[in-house]
Student: 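Let me begin by handing over the structure; questions about it come next.
Atom set for the values below is all heavy atoms of this structure, side chains included, hydrogens, waters and symmetry mates excluded. To find a chain, count down the sequence lines: A is the first, B the second, and so on, and within it residues start at 1.
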2 protein chains.
Amino acid sequence: MQQSMATTTQPATPGTDAPLLDRLRRLVVSGTALPGELLAETALAEEFAVSRTPIREALKQLEREGLVEIRPRVGTFVRKPTRKEIFELFELKESLEGLAASLLARRGDVPELRSLAHNVENEREAVRAGDRTAYATLVHDFHRTLVTGADNRKLGEHYELLMNQLAYHRIVTQTLSLPGRLDASMDEHRQILLAIQSKDPLFAELTTRRHISRTRESATIAAFAESDDA
Amino acid sequence: MQQSMATTTQPATPGTDAPLLDRLRRLVVSGTALPGELLAETALAEEFAVSRTPIREALKQLEREGLVEIRPRVGTFVRKPTRKEIFELFELKESLEGLAASLLARRGDVPELRSLAHNVENEREAVRAGDRTAYATLVHDFHRTLVTGADNRKLGEHYELLMNQLAYHRIVTQTLSLPGRLDASMDEHRQILLAIQSKDPLFAELTTRRHISRTRESATIAAFAESDDA
DNA sequence: CCATGCTCTGTTGCATACATCAACTGTAAT
DNA sequence: ATTACAGTTGATGTATGCAACAGAGCATGG
């Protein structure tokens, strides 16, 4: 009856199954699993060396996050947002980032503001060097820092949910490759930074919203060029 | 792939077996299960006449929705939002409803607009009759119609997520019982309606946001009066 | 009297077994 | 050749068993 055994290293992961959910999510948002692809529970269970049960639980969560679609008695498929959904998500994005900018401007001097300034500097450098991939990463960081700096955890959660759903769209449509979009984007980021630094919440919000609106337009154009069904 | 979802009942219910998940969620948002209460899988399984497995899956989803907290190896507990979270949620609410009003104003003449007008009429009646509970329901309907009328499904999903987290707070703090808040609330709804009818998106948005902002203030006051720990 | 370690119960975490049903395939009839 | 249909296959949906762990309660020693 001794329960002092501590030698069993085989079962593993006695705590939370966060890594599993995260890895599954990454599979989808990274584009490793393409839209329409079947995510078979058995295969995933074997691949991740666990039983079907935790896989099922994770898949249900991904469904709730809008990343996959579970067709009962059939299977789980990677979801591809429709054109309308992408449009809706951008409308939401505009609103949420506008809120973030407003809150950040209201907060005043916080470390995230310095991060933003630094980021814009790096963007200028990347543009000068013509490094598109580096710039793409910086854009991602810029928006992420913006939202983080708002110091509103709930906003952050909703924003992440939203961005995960847009992940595939972002991967496919390289909006930054549109002519002139690169410089324009950088300039708009600079304007956002200035607006926030001026500590005018409304001005910061409107500037940010205009930027997202333009981004959306470019994204829509790029999506048209790709001519997916959806 | 022409087979789309068959629209279960609620926009935020993309799932497969909606009934169980919905009933469990209702258990939490309705206040039947109080914050801090343990939701034991075995007990729930027996109560709903199913096995533990589907219960577990549903509970995990509720955790993702922020309604319960799963402490590994201990149990699932009904979550009580902290004061800061409630504040954050109201900030989000203001932004989302502002967006909804803006979109609705842009859409122009749609059936939801008539619903809103009708709702305001009923509110006036309820206020005249002094029926607080009826008015509370109408308020709920008003905001719900506002968001529905925006014709943005993603917005609707995020909004419902948000409102579910605020459900308990709404139940506990009867903000409408504050002196004069009832009449003020009705008047603000009327102003929102007028702004939307004027088809001026920005005006509609600002009017709505001001209303939510005032609601938040009242809610905060009421929350203080209740002096919960959180 | 208090601190500390042990036991014991209750609950979750995961694995596995079985039931059920969708999709496919091969055959036969038109 | 095309369509209808029934058998087969393989997946999911659910139930249940076992093990691990957290926390309460108790006994014991200081």
Side-chain angles (χ1 to χ4, degrees), chain A residues 1-25 27-28 33-34 36-65 67-79, chain B residues 1-6 8 13-25 27-28 33-65 67-79:
Chain A
M1 305 303 182
Q2 306 283 352
Q3 77 284 11
S4 61
M5 49 177 55
T7 57
T8 60
T9 51
Q10 200 248 354
T13 56
T16 69
D17 55 325
L20 179 64
L21 176 60
D22 282 343
R23 278 200 289 175
L24 269 175
R25 187 188 292 113
L27 210 65
V28 176
L34 273 64
E37 191 172 325
L38 168 67
L39 298 178
E41 296 176 359
T42 311
L44 291 174
E46 187 174 353
E47 180 178 345
F48 290 98
V50 292
S51 140
R52 275 181 50 216
T53 309
I55 295 285
R56 275 184 64 78
E57 291 172 355
L59 288 181
K60 281 231 165 188
Q61 292 215 53
L62 293 187
E63 183 195 31
R64 184 59 194 83
E65 297 179 22
L67 297 179
V68 303
E69 176 186 0
I70 298 180
R71 287 163 60 184
R73 295 285 178 187
V74 177
T76 305
F77 300 86
V78 179
R79 201 154 142 39
Chain B
M1 56 208 313
Q2 76 296 350
Q3 184 132 345
S4 64
M5 56 202 67
T8 55
T13 320
T16 58
D17 53 328
L20 181 63
L21 175 60
D22 279 345
R23 278 201 288 177
L24 268 174
R25 187 187 293 114
L27 210 66
V28 175
L34 273 64
E37 189 171 326
L38 168 66
L39 298 177
E41 295 177 359
T42 311
L44 292 174
E46 187 173 354
E47 180 177 345
F48 289 97
V50 292
S51 138
R52 274 181 51 216
T53 309
I55 296 285
R56 275 184 65 77
E57 291 171 354
L59 288 180
K60 280 232 165 186
Q61 292 212 54
L62 293 187
E63 182 195 31
R64 187 65 192 82
E65 296 180 21
L67 296 179
V68 303
E69 175 187 0
I70 299 180
R71 287 162 59 185
R73 302 282 178 186
V74 177
T76 304
F77 301 86
V78 179
R79 200 155 143 42

Student: Between C:dG13, D:dG13, D:dA15, which nucleotide gets closest to the side-chain atoms of A:Pro72?
Tutor: D:dG13

Student: Please check if atom CD in B:Glu47 has more than 12 non-hydrogen atoms from other residues, nucleotides or ligands closer than 6.0 Å.
Tutor: yes

Student: Are the side chains of B:Thr42 and B:Arg52 in touch, meaning some heavy atoms are under 4.5 Å apart?
Tutor: yes

Student: Determine: side-chain N/O of A:Thr42 to OP1/OP2 of D:dT12, distance under 4.0 Å, yes or no.
Tutor: yes

Student: Tell me which one of B:Ile55, B:Leu44, B:Leu24 satisfies side chain to side chain contact (heavy atoms under 4.5 Å, CB included) with B:Leu39.
Tutor: B:Leu44

Student: Does D:dA15 have OP1 or OP2 sitting under 4.0 Å from an N or O in the side chain of B:Ser51?
Tutor: yes

Student: With distance as the sole criterion, do the side chain of B:Arg52 and the base of C:dG13 form a donor-acceptor contact below 3.5 Å?
Tutor: yes

Student: Within the structure, does a side-chain N or O atom of A:Arg56 lie under 4.0 Å from either OP1 or OP2 of D:dG13?
Tutor: yes

Student: So what does B:Ile55 touch, heavy atoms closer than 4.0 Å: a base, only the sugar-phosphate, or nothing?
Tutor: nothing

Student: I need the CG-P distance between A:Leu39 and D:dT12, as an integer number of Å.
Tutor: 10 Å

Student: Nearest of D:dT14, C:dC14, C:dA22 to any side-chain atom of A:Pro54?
Tutor: C:dC14

Student: Would a 4.5 Å heavy-atom cut-off, applied to side chains only, mark A:Ile70 and A:Phe77 as touching?
Tutor: no

Student: DNA chain C: B:Thr53 or B:Ala40, which has the more 5' nearest nucleotide?
Tutor: B:Ala40

Student: For the side chain of B:Arg73, starting at C-beta, report the closest nucleotide among C:dG13, C:dC21, C:dA23.
Tutor: C:dG13

Student: Are OP1 or OP2 of C:dA23 and a side-chain N or O of A:Arg71 less than 4.0 angstrom apart?
Tutor: yes

Student: Nearest whole angstrom, please: distance from the P of D:dG23 to the CG of B:Leu38.
Tutor: 13 Å

